[in-house]
Amino acid sequence: MNPAYESLRDDLDAALANRDRPAAVRLALDAVRDGRIDVAHLYTEVLSPLLIDTGAMWQTGEVSVWQEHYASATVRTIVESVYPFVLAAAARVEPVGRAVLLACPPREQHDLGLRMLSDRFALAGWTVHYLGTDTPVDQICAAARTLGADAIVLSASTHFNRVLLRRVVDEVKACEPGIDVFVGGPAFALDRSWPADELLDPVELGLPPLPATGKDAD
């Protein structure tokens with residue numbers, strides 16, 4: 001990892017360990033503002049791995065639920081705080097002439113990784129429409145149709161939601177057959193046994209850099 005990125009990650013870990021949310025937000029904003037890291041690398045090299053590591057520690061009992069929630073809430077504040085930098089950078093990118101709709105399907109409440117992914121689409125020149133958590137299938141279809149989406153990205157964070165996602169994808173494809181539908185999220189990080197043409201491939205879609213872990217955070 002770039003030493004500057006590693007240093008920022010260490011500083012963010014320390015701020016979170018001290019439960020100092022303002023310090024964590026300032027660290028990230030200052031790093032972007034000073035040019036020590038761009039937003040794409042902040043997401044893929046620092047924040048996504050931080051969330052993945054925190055989730056892994058929660059699963060092993062090293063951190064509690066509230067600690068995992070604290071880290072996620074802090075990262076969400078950072079993501080929303082750097083959005084003006086996303087807008088500024090996206091304005092300098094040649095539009096690709098394609099629009100993407102990003103949504104979590106019914107019962108899926110974890111959208112932070114998808115939220116960061118939406119900014120990566122914007123930084124690649126896409127027109128982005130982000131719906132967030134727990135979106136009914138008929139509303140995904142209606143939004144995609146109304147907004148003129150060329151692609152729909154759906155996210156699943158757990159194996160249970162991944163199983164449910166199969167039906168959602170089929171229903172979306174049936175109601176909007178002319179739109180590409182892609183899936184991604186933590187539920188696909190280790191198990192890629194899914195139709196290849198539906199698995200999200202950021203490189204193929206021309207997005208800014210992938211996480212060093214090869215995973216998108218939840």
Side-chain angles (χ1 to χ4, degrees), residues 28-29 32 37-52 72-106 108-137 139-157 161 165 168-169 172 176 179-189 198-211 213-218:
L29 282 174
V32 173
I37 192 169
D38 58 47
V39 173
H41 283 92
L42 174 68
Y43 289 175
T44 62
E45 301 297 325
V46 178
L47 298 184
S48 289
L50 186 157
L51 289 172
I52 291 167
S72 295
T74 301
V75 169
R76 186 179 297 277
T77 301
I78 292 171
V79 170
E80 298 301 342
S81 297
V82 300
Y83 188 58
F85 295 99
V86 174
L87 292 177
R92 298 190 293 269
V93 175
E94 186 71 26
V96 298
R98 300 190 73 194
V100 60
L101 178 80
L102 301 100
C104 290
E108 180 58 74
Q109 298 292 333
H110 296 83
D111 72 327
L112 188 47
L114 195 68
R115 173 64 186 81
M116 287 190 281
L117 182 65
S118 72
D119 284 351
R120 289 169 60 196
F121 269 103
L123 292 168
W126 288 66
T127 298
V128 177
H129 303 293
Y130 179 75
L131 301 185
T133 65
D134 193 18
T135 310
V137 174
Q139 295 305 298
I140 294 172
C141 293
R145 190 180 317 119
T146 301
L147 297 170
D150 299 288
I152 297 170
V153 178
L154 304 171
S155 178
S157 62
N161 285 335
L165 188 59
V168 173
V169 170
V172 171
E176 298 300 325
I179 301 177
D180 294 326
V181 180
F182 301 104
V183 300
F188 297 89
E198 295 176 353
L199 286 172
L200 179 70
D201 185 342
V203 173
E204 185 176 302
L205 295 173
L207 304 195
L210 290 169
T213 57
K215 305 174 185 176
D216 276 321
D218 170 38

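Owing to the predicted nature of the structure, the values given are computational and were not obtained by experimental measurement.
- With values rounded to the nearest 0.5 angstrom, Leu207 atom CG is found 9.0 Å from Leu123 atom CG.
- Asp111 contributes no side-chain N or O that, together with a main-chain N or O of Leu114, makes up a donor-acceptor pair within less than 3.5 Å.
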Can you list the steps and then say if Leu42 with Phe85 is a side-chain contact (heavy atoms from CB on, under 4.5 Å)?
CA-CA 12 Å; Leu42 174 68; Phe85 295 99; over 6 Å; no
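- Using a distance-only test at 3.5 Å, with no hydrogens or angles considered, a donor-acceptor pair links the side chain of Asp150 to the main chain of Ala99.
- Across every non-hydrogen atom of Leu101 and Ile140, the tightest pair is CD2-O, 3.5 Å.
- Counting all heavy atoms, side chain and backbone alike, Pro106 lies closest to Pro136 at CG-CA, 4.0 Å.
- Taking 4.5 Å as the limit, every side-chain heavy atom of Leu205 sits out of range of all side-chain heavy atoms of Asp201.
- The two residues Ser155 and Gly185 come nearest to each other via the heavy atoms OG-CA, 3.8 Å.
- When atom types are taken as modelled, the side chain of Thr146 and the backbone of Ala143 share no donor-acceptor pair closer than 3.5 angstrom.
- Considering CG of Asp38 and CD of Glu45, their distance stands at 9.5 Å, rounded to 0.5 Å.
- Checking Val172, Val137, Val168, Thr135 one by one against Pro105, the side-chain contact (heavy atoms from CB on, under 4.5 Å) holds for a single residue, Val168.
- Of all heavy-atom pairs between Phe182 and Leu199, the closest is CD2-O, 4.1 Å.
- For Val93, the side-chain contact (heavy atoms from CB on, under 4.5 Å) criterion is met by no residue, not counting sequence neighbours.
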Please assess Arg98 against Phe121 for the test side-chain contact (heavy atoms from CB on, under 4.5 Å), listing each intermediate value before the final yes or no.
CA-CA 10 Å; Arg98 300 190 73 194; Phe121 269 103; over 6 Å; no
Please step through side-chain contact (heavy atoms from CB on, under 4.5 Å) for the pair Thr127 and His129, ending with a clear verdict.
CA-CA 7 Å; Thr127 298; His129 303 293; 3.7 Å; yes
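- In this structure, CE in Met116 is found 9.5 Å from CD1 in Ile78, a value given to the nearest 0.5 Å.
- Ala103 and Leu131 make their closest contact through CB-CB, 4.0 Å (heavy atoms, listed as atom of the first residue, atom of the second, distance).
- A donor-acceptor contact shorter than 3.5 Å is absent between the side chain of Gln109 and the backbone of Thr133.
- Summarising the geometry of Arg120 relative to Tyr43, their closest heavy-atom pair is CG-CD1, 4.3 Å, with the distance given to 0.1 Å.
- In this structure, the side chains of Leu165 and Glu198 stay at 4.5 Å or more apart for every pair of heavy atoms.
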